[in-house]
Structure formats: C-alpha cells, structure tokens
> 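Dropping the structure in here first, questions after.
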Amino acid sequence: MTVITVASSPRKMFALLWGVLYAGTSSNCSTLRTAQSHESSVWTVQTLVGNGTQASIDGSQIHTAISEPWGVVVDASQAMVYWVEFGGARTKNLTRCDLGGYKCGTVNSNPQCMQAPGRTTRGVNNCDCGCDTFYYMSSGHRLRALSAREAAVHTVAGSYRGYVDGSASQAVFNHPYDVTLAPTKGEYDSGSASVVADLIIADALNHAIRWYHADTKTVETIVGGQGRGCKDEGGGLNFPTSVAVDPLNPDLVYIADRGNNCIRQWSISNRTLFTIAGDCCSGNYGHRDGPGASALFSGPCSIAARSVEVATQHSTSATHHVTELYVADAANNALRVITLDSTVGQYSAAQAVVKTVSVDPVATRVVDGVQLSLHMPMGVTTHPTNGDVFVSSNQGSQVFVYTAVHAAVATSFELVAGNGTAAFRDGSGPAAMFSTPNGLAWWADEGRGKLVVADQFNNRLRLLSPPVLYPSTPRDDRNTKSARATVSEHNQLHLAEPSLNPLPRAPLTVLVWTGHSGPYHDHFANGKILAQALNKSGMVAVLACDKDEDIPCELAFAAADLQTRFDAILIYADTYENPLRGSLSTREWAGLFEFIESGGGLFALHTASACWDHQFDDPTDPESSKFHREVLNCAFGGHSPYKDYIAKIVDRETDPITRGLSDYIVTDELYHPVVFNRSRSTVFITAYDRGQAPGSNATAVHGLRHTYGKGRVLYFAQGHDMAEFENVDDFTGNHVFQVVVKRCLQWVAKRL
C-alpha cells in the first residue's frame, strides 16, 4: 500500500495523503506541487486505504484494514471518504454466546445458543451455559470513513450482520452495497441546514434504504425494510444496491432496485416511492430502451446522477437543465442513461427516457495490447465538469471511461486502469491490477481531481490520479477526430479503426443437469434457484431437467450440438437418491465424455460425487467407473451432519478460483470425498471435520480441479441446499461461497 508519512500539521498530512510533496518551510506560505512527473501520460493507481487483510480495523490510515468495500462517496468539502463494507471474514469468539442478542439455553436437554425461548438459531453451534464454544461473528457490514485531514479511519455505524435502527453504536446492516451524501435539511424543506453531511445507504439484504443522521449519530430506515417487495405502495424493495440524489431536486432519491430489475424514485418530503423505469413486479427483465414504462433492465447495480444543459424544445436559443441517471446494467453488460426532463412536469415512467450509451463510430474503443471488456459493470460515477462517465468492470477487473458523454453518445471508450487479471498491484494504466472493482467516486480538488475505486477482494480503496493533460473542463472535441486522437495519445492508448460499439465477450453458457426431489435433497427446486442465480450473474444457464426447456432431461448429454451450444456442464444430482433416473444410456455417456475430451468444461457440485459412485467399482458398468476414477478423480466417501464449519482457502495469492478470498463459514454437510489420485488434481479448498462421522477429525478435500483431454474438470463439495443463493438473489460479489461457485464455472469454461 502507499505509506502516508505522519506530518506535523493537518495541512501537511492532507497534502501527503494525496501523494503530493509539501514545499517550503512555513505552513502559511507553502505551496503544493505534485510528485507525479509532468511527462506522465497515464492514470496512476495507488492504495488509499487498506493493507489487504480482510478485517474491519479502525486506526491510523497506514495501519487500518477494511473488508470487501463496495460503495464509496467523497465529501470533498470536509476531506472525508465514506464507504460501506459489503461482507467479510468471520472471527472466532469463544466466550460470548450473547453477541447480537444470542443467549445460552437448552433444547431437548442439549445446550444451545438461542435467539428466543424455544427457538434455536440456525447455524450457531452448540454451547454450554458458559458459552465457551465457537461462535462466529462477521466483520464487514459496516459504514466506515477516512478523514484525510487526520489520516485516520473510523467506523461510523454497524458491527455485525443484522437489521437494527437506532444509535450508530447499535445499528446494524446486512450487506450494504452503496452510500451517498444526503441532501442537507435546508435543501428539501424549510428547516435549518446541517453543517455535517448525512448519508444514505442501500442496505441490500435488508431490502431497505437507511439514513445516517450525522448530528444525532443515529440510523433510520426511510423506505423498505419489510422483506422483499415490488409495489410502490408500501415501499417494497428487493435487493437495492445503489442510491443517488437528484442534483436539480434534492428531495428526490433514486434507487437501483436490482432484485426487481427497475429504477425507483423516493420523495424525502412526501415519503412516497415511485417506479420511473423498468418492470418491477412482473418478473420481466432484459435489454430494451425507450420510455421508462416499457424499458427493461437486467440486474441494474449502480446509478449516478448529474444535471446537464440541453436545448429547450421549440426554441432556437433557450436552454434548460435536465437530470441524467447513469445505470450500470450489470447482467446486460451495458451502461444505460435515463433522462428526466423537469420541464414536462412531475417525473413519471412515461416521461423518463432510457437509452444505451454508445460510442461515436469514428472514435471507437481503444486497445493497447489489453482486451477491453465491459463485463458485469458494477460501479458508475460521473466527472463533475467534462462530461466523462467512469465504469468499473466487476468481471474484467478494469476501470473504463466513456469520454464526453452527451445525448447517450460518447466520444470514445477508453481504459483507465487494469489489465483483466484479478490480482493486486499499484502502478500505471494497464500495469495496475484490481480484484473485483465495484464502487466509484470522483474526488474534486483544486487540481485535476482523482477517482476513488472500491477494490472488493483486494480489501482496499484505490486512488487513481489522471494524466497531466486530462481535461477538467468540458471537452470541445466531439467532432474533431484529430483532437480525440490527441487525448487518446496522451493516455498511451490507440484509436482503433472505425467500427460499431465495443462488444463484450459472449456470455458463459452452461447446461445445468439436476436430479429430481428426493428424501435428502431437492435437486429439482434447488437447480432452478441455481440457474436463476447464474442467469442474474450474466451467464446463460439452461436447465436440462426442466421439461419446458428444449433439451429433454434424459437425452441432455446426447444432443448433437452440445459442444457448440455450451461452454460447460454443471452436474448437481444423485442418481443413488433418485433411482428412477438410473444410469445414463451408452449414447449419453459417450456424449458427456466427448464434450469434456474435446474441450468442454465439467463442474460437479456436491452430490455429483455420489451420482454414480455406487457403481464406480462395478465391472458391468465401465462408464460409471470411468466417470469417477478417470474424469472426476473422486467419489463420495461419507459426510458429517448438517452444521457450521470453516472452509479453508489453500492458496489465496495465485489460485484463479480462490485468489483474494479468505476462509469462510458455511452451513452444510461436511463431505469426505475419496480422491483416487491426489497428485493429479489441484486442491483449492479444504475443511477440517471435528465430529463422529466416518472420516471425522481429518482434513477433507472440498475443491479440486484438473484437466481431462482438452477440457477442464472441477469438483466442489459444498451445496446441500440453496440457502446461500436464496439469501442474496445473485452471484455478484456476495458470500465467498457464491463467488467460488461462479469462479468454478468460469475456470472450467476457460474464462479464468
């Protein structure tokens, strides 16, 4: 990280924090000069906060640790940076069962951590009345702040995962996604304005928008919080992930209602919720521009608002300002813009106009030996003056800029930093690396300003400084190719030949092959949840065992076009539990093996290790034996009861699946698969079982991967039920378990 030297005065400290040299001997007459060379022509990336450790530790800026930062906002007037921590590592507490309201009690004569009399708390281990066994408490789920003047980080509110309003010391959040500066009281009613800015938080898994009152240091729910909902009446929200205040009418707060695939508007004074774009309640989602009432989104994750001056209709000279909402439409891999024209009266879904931001065809995307892919855009912010819009690519681990966006058309699409590799490295332009960058915020200063990036799995906030020649005033080069080329040259990027908009890589397509419901697993229902989550993450998941799909379940692996239609096959089934499924036909076995051997990917999840394992030593069934011994390299070997346990990351530095991740708690059956040839596979996750089941008190392999022919094969032992998926609705940046599942599919499909 960037080490900030402790200075003798707040002014010097503030200067050092910004990466500048403090010149002169007197604090009254000194000037600031940049440490960056004037010859520099690329964006430079430094660490602002965080040392890479996943924890929520307050203190001096050089010693602090943060945990999966997501949304970020800057109060430049106070030199404050605020961010929310989406989730985090679990820490062990051996003495206090009552943390978060839990108490020691007894159920059927067995000691148990309890939440209320007679009600056990799922996922909390047994304890005695001394509470001296494991209890796990999550870091993250916090609102935190950096004071640049003091070079110190402190927690504003939140301490563990839950839902409590009240004082900042007691209030808790559940996977907060975004934070923005609230308007001061005088901006939206006649009351007196507060000097200290309030904050608005999108609390995703509480399905609520929360307000932090700085003067009273309290947290209040302003809309939602009643579970999932979709109707305007009653304030129904579903996994809200971003908030923005209207710059022209600060009474209005916009909400990216991601789970409902729509954009909402909340009036602070009237306390009313209104849908301005997208179809909230029907379940329809997709990519369609047009009036807000008919437009469609797919996983809108982040929004940013700005005002722009436009020509007034039916006038040759008059102009007026309108509000533009920029939307990172994640599953559509697109940047969208909603225009709200206040001259037409009260905003409505019919008056909002939705467009997809495109690139001027004479100055298209730029390439400097780096593939630019806006895959799963998760963060968006705007430059305050020059018309640029910045977007972070969650899956591409890059930050981009659409230059001089006007009327939904940008001059060019350029790389700011990152090279597509999910890792950590400070540096310049493509040399710098991120690991799942999400929230973005512009920090305006007296110079060119800077961009703050929430780098989730690096557990850091990064500070991006623009090139010396980066324009801070409105660009006037929209119709001059030579001027555009000059700007691009100073970014060490090269304009490509004229073409259409930059196209993201084709979505990963996976065939999900499940069993039916059985006495121990409901594969059919769980498979649907799994497929829905994959689809919301930007993949294309086809359920082979849904009769409404175009591939019959019984012949899924025998389809002639299997190789051309799918990148990967995910098996989540157990034919031993579902005997009616029986063994595959000879034709299906041949199709499955050919798919993998010729380059396709196989992801075997949980019970797949038991799918045909009762036959893997049967000489009369050579295909089953081949599947487990040669292809999968493992078979079912028993499991512990359903319980909490720790999943251990083997390599968090270099492994493509677990890079940047930390150990995590999972509530599941702890499987003990039999691995036939340990040296053949790379093990990336393990678990130690303390219990009475066969194989207990030993380390079990929970994730292994290897190649087979030209294809890739992976087994992941977790996944007894889909509670984790139901918890958060999608795969984009939530629990480590879900991130691992997503990366497993990307790896077998050769996307990692």
Side-chain angles (χ1 to χ4, degrees), residues 19 36 40-48 72 74 302 304 326 328 333 335 357 359 363-405 410-445 447-456 458 460-472 475 484-496 502 504:
Q36 184 184 22
S40 176
S41 57
V42 295
W43 290 77
T44 58
V45 181
Q46 296 173 296
T47 295
L48 177 64
V72 60
V74 176
S302 182
Y326 287 90
N333 301 317
L335 176 64
V357 176
V359 178
T364 60
R365 70 176 181 179
V366 291
V367 178
D368 187 25
V370 178
Q371 176 64 38
L372 308 189
S373 175
L374 189 64
H375 186 37
M376 294 295 292
M378 285 292 183
V380 61
T381 195
T382 63
H383 189 280
T385 55
N386 71 7
D388 288 357
V389 179
F390 299 91
V391 185
S392 63
S393 171
N394 175 281
Q395 294 301 297
S397 291
Q398 295 171 308
V399 178
F400 300 102
V401 59
Y402 285 86
T403 59
V405 180
T411 300
S412 63
F413 172 67
E414 299 180 1
L415 176 68
V416 173
N419 57 24
T421 300
F424 168 74
R425 184 167 65 202
D426 284 337
S428 300
M433 290 189 284
F434 305 90
S435 184
T436 313
N438 292 311
L440 304 174
W442 187 261
W443 193 338
D445 61 7
R448 300 183 308 278
K450 291 175 175 63
L451 182 68
V452 181
V453 179
D455 193 0
Q456 184 183 0
N458 279 324
R460 290 173 167 94
L461 296 184
R462 315 288 290 279
L463 193 65
L464 280 61
S465 301
V468 172
L469 295 180
Y470 180 72
S472 59
R475 299 176 186 260
R484 282 194 298 269
T486 302
V487 172
S488 184
E489 180 181 349
H490 283 294
N491 281 277
Q492 289 190 349
L493 296 168
H494 311 291
L495 291 173

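For clarity, every value in this text was computed on a predicted model and none was experimentally measured.
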> So do the side chains of Ser435 and Asp455 get within less than 4.5 Å of each other, counting heavy atoms only?
yes

> Identify the two heavy atoms, one from Thr421 and one from Ser397, that lie closest to each other, and give their separation to 0.1 Å.
O-CB, 4.0 Å

> Heavy atoms, side chains only, cut-off 4.5 Å: are Phe424 and Thr47 in contact?
yes

> Check Ser393 against Phe400 and note the closest heavy-atom contact, atom names and distance.
CB-CE1, 3.8 Å

> Which atom pair, heavy atoms only, marks the closest approach of Asn419 to Arg425?
ND2-NH2, 3.9 Å

> How close do Pro437 and Val453 get, heavy atom to heavy atom, and via which atoms?
CB-CG1, 3.8 Å

> Output the distance between atom CZ (Arg462) and atom NZ (Lys450), rounded to the nearest 0.5 Å.
15.5 Å

> Closer than 3.5 angstrom, by distance alone: can the side chain of Asn458 be matched with the main-chain N or O of Ala423 as a donor-acceptor pair?
yes

> Got a second to check how far Arg448's CZ is from Leu469's CG, nearest 0.5 Å?
8.5 Å

> Do Pro377 and Ser392 have side-chain heavy atoms sitting under 4.5 Å apart?
no

> Just do the side chain to side chain contact (heavy atoms under 4.5 Å, CB included) check on Val357 and Val405 with the steps written out, would you?
CA-CA 8 Å; Val357 176; Val405 180; 4.2 Å; yes

> Is there a side-chain contact between Leu335 and Val380 (heavy atoms, below 4.5 Å)?
yes

> Determine whether Phe390 and Thr382 make a side-chain contact, defined as any pair of heavy atoms from C-beta on separated by less than 4.5 Å.
no

> Within this structure, what is the CD-CG distance for the pair Gln456 and Asn438, rounded to the nearest 0.5 Å?
5.0 Å

> So, taking the atom named CH2 in Trp443 and the one named CG in Leu451, what distance separates them when rounded to the nearest 0.5 Å?
12.5 Å

> Do Leu463 and Val452 have side chains that get closer than 4.5 Å, going by heavy atoms?
yes

> For the pair Tyr470 and Asn386, evaluate side chain to side chain contact (heavy atoms under 4.5 Å, CB included) and give the outcome as yes or no after the intermediate values.
CA-CA 10 Å; Tyr470 180 72; Asn386 71 7; 3.0 Å; yes

> Do Trp43 and Ser465 make a side-chain contact, defined as non-hydrogen atoms from C-beta onward lying under 4.5 Å apart?
no

> As an exercise, state the distance from OG1 of Thr403 to CZ of Phe413, rounded to the nearest 0.5 Å.
10.5 Å

> Supply the atom-to-atom distance Trp442 CH2 to Asp388 CG, rounded to the nearest 0.5 angstrom.
8.0 Å

> Hey, are the side chains of Arg460 and Asp426 touching, using non-hydrogen atoms and a 4.5 Å cut-off?
no

